[in-house]
Amino acid sequence: EGEEVMTADIRAQVLTETAETVLQRRYYLKDAEGKPRETWETLCRRVADAVAEAKQKPTNYEELRRRFFHMIYHLDFLPNSPCLMNAGTDLGQLSACFVLPVPDSMDGIFTAIRNGALVHKTGGGTGYSFSRLRSKDASVRSTQGVASGPLSFAAVFDAATETIKQGGKRRGANMGVLRIDHPDILDFIVAKQDQQKFNNFNFSVAITDAFMTALAEDGDYDLIEPSTGAVRRSLKAREVFEQIVDLAWLNGEPGVLFIDSANRDNPTPQLGLFEATNPCGEQWLLPYESCNLGSINLARFVENGAIDYDRLQETVQTATVFLDNVIDCNRFPIPEIEEMTLKTRKIGLGIMGLHDLLIQLGIPYGSDQGRQVAATVMQFIHDAAEAESIRLAEEKGAFPAYDATLNDYPPRRNAALTSIQPTGTVSMIADCASGCEPYFSIVMIKHVMDGDRLILVNKYFEQVARAEGFYSEELMQKVADSGTVIGHKEIPKKWQEIFRTAQDICPDDHIKMQGALQKSGVDSSISKTINLPSTATREDVKHSYVLGYNLGCKGLTVYRDGSRDSQVLNTKERS
Ligand code: CDP
């Protein structure tokens, strides 16, 4: 297969109108007048060529650029947005995820704000742990005063972000983490109750195993002053947990991160512990680490009602080489990030279109079989990526921090391989369900000019409805109005099950899917929303967190339908 076959005709078949619009607005490079001077084909060539060349043209350059081009052009795999936007340009910063340390000193705090600004400028998102900062009334020796505490500093980070658009193309995104045993935790939990505040942050509480044990035993746990290690006071675990649950029930924040579960899987504990994730939670990183992401579009791997594992394997191999190369051609925003990233060479290979795959196979997302298939595919992707990373280590060397005496896995090129990113915008380009999420709606009515209405029907649903003769505009209107395919007698029961959307799938099934994927092949973590109905109670939220923890999830985000006026990081509007 050569580049010759990729003509405009194929392009027209591949990209939807929405995809083309998104690309024109934000991805195609522009000329001096601000008009796009790229097409999907030339964008793919720019990305494929730059990443194939990496530092210097390898001997297999021609083969690599062809393989990279083919996989991106046909939407089998897409790298994260900064890579699509910046590869082969002067900016050249290709990663989406960064974690920066916030040391307990004026110099350290404002250095972190500066570094964060430099990351945002290039299109990356930043995660910070504020857990090292002394609590708000702890003493400051040099001035004999009292400290401002993590929250007042977080407000400065927020203000800085507000003024910097990421690479001019997206708004800045931050994750702010505070440990459950920090003395200021109660203030942190309620900090975003005022919806005017911290709008450039997702806040998450880092929950420890000790806390979960205290919770199970209905006991107390200690709050510890980070600057001295002294126990400040004890709190009832249940009461603090109920605070978190109350706020999450009210507006979806704070999220929870299970920090000890994450550190049990830390591939390089010799370099330090995880303290924070990137903004959407799918990457646990050490301070100053960055990670570039890319997602396999599972919608494209069903052939005659079965998964095409051979082609999936080839694509995973190519994607692994691609993401590893991205590390070498990346222009890092500051030297500390370059140094840490090159030590561990983490990549985040994930998926999108999981729901498309299940629909094509005729399996409901919220079923045992759905979880089994998802877990099998994810494990397959992980194992194929790992085999390729081991091969790359033989060819180019293992990641420098690898230490056979400390690490219980074979030498490989990348300390972490898999994670599941939200794919908020890249899934719009690929026209599939985002990340590992189910579709959010099946029929939508779009109001266009002159009061005209456009009926947008999920492509698989339309195909099925037409093939089985139950398609009618009237029915589509009814599905749009009710927001669900459930309960319409014209739709056969089987299809009602298969076309359940995020709101129709019960919360436990969302969590079990996240748990199944986490256990089967996801090294780092998963960005996923657990959708709860508007009628869900606080008990339901509590139950979700405990179930997620017990199933080995490394973090959890719940969202109760209609609870937040305007969602800051709602998947499709985020970028
Ligand atoms: O689809 P796309 O590659 O644009 O991004 P995503 O999968 O929705 O998000 C992946 C990661 O990019 C997030 O976890 C953030 O670390 C980062 N991100 C960001 O920095 N700013 C945004 N507005 C959106 C995402």
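Counting starts at 1 for both ligands and their atoms, in listed order.
Atoms of ligand 1 lying under 4.0 Å from any heavy atom of Glu282, numbered from 1 in the order shown and given with element: 10 (C), 11 (C), 13 (C), 14 (O). With ligand atoms numbered from 1 in the order given, ligand 1 contributes 13 (C), 14 (O) to contacts under 4.0 Å with heavy atoms of Cys280. Here is the list of ligand 1 atoms found below 4.0 Å of a heavy atom in Gly124: 20 (O). Proximity to Asn80 (heavy-atom distance under 4.0 Å) selects the following atoms of ligand 1: 3 (O). Heavy-atom contacts of Gly424 reach the following atoms of ligand 1: 1 (O), 6 (P), 7 (O), 8 (O) (cutoff under 4.0 Å).
Residues Phe188 and Phe130 keep their aromatic ring centres 6.0 Å or farther apart.
Checked against a 3.5 angstrom limit, the closest N/O atoms of Gly125 and ligand 1 fall inside it. Annotation: Ser81 places an N or O atom under 3.5 Å from an N or O atom of ligand 1; distance criterion only. Note: no N/O pair closer than 3.5 Å links Ala173 and ligand 1 by distance alone. On a distance-only criterion, Thr425 and ligand 1 share at least one N/O pair closer than 3.5 Å. Some N or O of Ala96 is nearer than 3.5 Å to an N or O of ligand 1, by distance alone.
Thr39 places none of its side-chain heavy atoms less than 4.5 Å from the side chain of Arg45. Proximity of Ser131 to Glu275: side-chain heavy atoms (C-beta onward) are nowhere separated by under 4.5 Å. Using a 4.5 Å cut-off on side-chain heavy atoms (C-beta onward), Phe440 and Thr501 make no contact.
Residues forming a side chain to side chain donor-acceptor pair (under 3.5 Å) with Glu53 (at least two apart in sequence, or on another chain): none.
Of the N and O atoms on the side chains of Glu437 and Tyr365, not one donor lies less than 3.5 Å from an acceptor on the other residue. Using modelled atom types, one finds no donor on one side chain facing an acceptor on the other under 3.5 Å when comparing Thr16 with Asp431.
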